[in-house]
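For reference, the structure discussed in these notes is given below.
For the numbers below, each heavy atom of this structure counts, side chains included, while hydrogens, waters and symmetry mates do not.
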Amino acid sequence: QVQLVESGGGLVQPGGSLRLSCAASVRIFSIDVMAWYRQAPGKQRDVVAAITRGGSTNYADSVKGRFTISRDNAKNTVYLQMNSLKPEDTAVYYCNVEAVRPDTPHRYNYWGQGTQVTVSS
């Protein structure tokens, strides 16, 4: 019912910037929270940033002041602007959305395929 397509990952030097995009294709669901997670090799998947439909945001301490999450509700798309990138930011970044059926209280989480971000000189 919900398909997520991510883009924008790549190789960047320390101090550089990247912008990730995640477009959600929905049918009968509405989307509430949209978020970005990341997972480095051998590590668990952790939330990086999240944003509600109304625009409230939350960030992991490690990215505050450097990353900005935003969304376009009309396009069902969430973005992650990443500035001042550090080698520690290297990971696979995953889009996650919380979808709700409009006539029920049921909520579901969907994941994107992941996009590799590598920060290295």
Next item on the list: Under the side chain to side chain contact (heavy atoms under 4.5 Å, CB included) rule, collect the residues that match up with Ser84, sequence neighbours excluded.
Entry: Arg66
Next item on the list: Begin with the C-alpha distance, continue with both residues' side-chain angles, and end with the deciding distance and a verdict on side chain to side chain contact (heavy atoms under 4.5 Å, CB included) for Arg71 and Ile31.
Entry: CA-CA 11 Å; Arg71 65 190 288 172; Ile31 297 175; 3.8 Å; yes
Note to self: Minimum heavy-atom separation for Val2 and Ala99, please, with both atom names.
What the structure shows: CG2-CB, 4.2 Å
Notebook entry, point to check: Do any pairs count as a side chain to side chain donor-acceptor pair (under 3.5 Å) and have a residue in residues 4-16, sequence neighbours left out, and if so which ones?
Noted result: none
Next item on the list: Please name all residues satisfying side chain to side chain contact (heavy atoms under 4.5 Å, CB included) with Ser120, sequence neighbours left out, ordered by chain then number.
Entry: Leu11, Thr118
Check: With a 4.5 Å heavy-atom cut-off, do Trp36 and Phe67 have their side chains touching?
Finding: no
Item checked: Within residues 79-98 or reaching into it, pairs that qualify as ring-ring contact (aromatic ring centres under 6.0 Å, His included) - sequence neighbours excluded -> none
Margin query: Would you say Glu98 and Asn96 are linked by a side-chain donor-acceptor pair, where the criterion is simply a distance under 3.5 Å?
Written below: no
Checklist line | Counterpart residues, side chain to side chain contact (heavy atoms under 4.5 Å, CB included), relative to Val119 (two or more places apart) | finding: Val12, Pro14, Leu85, Pro87, Asp89, Thr90, Val117
Margin query: Tell me every residue that passes side-chain hydrogen bond (donor to acceptor under 3.5 Å, both in side chains) with Lys75, counting only those two or more places apart in sequence or in another chain.
Written below: none
Notebook entry, point to check: Can you name the residues that form a salt bridge (charged side-chain N to carboxylate O under 4.0 Å, His left out) with Asp32, not counting sequence neighbours?
Noted result: Arg107
Counting only pairs under 3.5 Å, give me each side-chain donor-acceptor contact of residues 21-28, with atom names and distances, residues two or more places apart or in other chains.
none

Margin query: Applying a strict under-4.5 Å side-chain criterion to I, L, V, M, F, W and Y, I'd like to know whether Leu4 and Tyr108 cluster together.
Written below: yes
Margin query: If I compare all heavy atoms of Cys95 with all of Val78, which pair ends up nearest, and what's the gap?
Written below: SG-CG1, 3.7 Å
Check: Hey, what do you get for CG (Asn83) to CG (Leu18), rounding to the nearest 0.5 Å?
Finding: 9.5 Å
Check: Quick one: hydrophobic cluster around Val33, which other residues, with the 4.5 Å side-chain cut-off, linked directly or via members?
Finding: none
Margin query: Would you say that Leu80 contacts Arg38 through its side chain, given a criterion of any heavy-atom pair below 4.5 Å between the two side chains?
Written below: no
Next item on the list: Identify whether Val100 and Phe29 are in the same connected component of the hydrophobic contact network (ILVMFWY, side-chain heavy atoms under 4.5 Å).
Entry: no
Check: Which value, rounded to the nearest 0.5 Å, describes the distance between Thr68 atom OG1 and Ile51 atom CD1?
Finding: 10.0 Å
Checklist line | All salt bridge (charged side-chain N to carboxylate O under 4.0 Å, His left out) counterparts of Asp103, not counting sequence neighbours | finding: none
Check: Can you name the closest pair of heavy atoms from Met34 and Val97 and give their distance?
Finding: CE-CG1, 3.6 Å
Margin query: Could you see if Leu20 belongs to whatever hydrophobic cluster contains Val92? Use Ile, Leu, Val, Met, Phe, Trp, Tyr and a side-chain cutoff under 4.5 Å.
Written below: no
Next item on the list: Could you tell me which residues satisfy side-chain hydrogen bond (donor to acceptor under 3.5 Å, both in side chains) with Gln3, sequence neighbours excluded, listed by chain and number?
Entry: none
Next item on the list: Tell me, please, which residues at least two apart from Tyr37 pass ring pair (Phe, Tyr, Trp, His ring centres under 6.0 Å).
Entry: Trp111
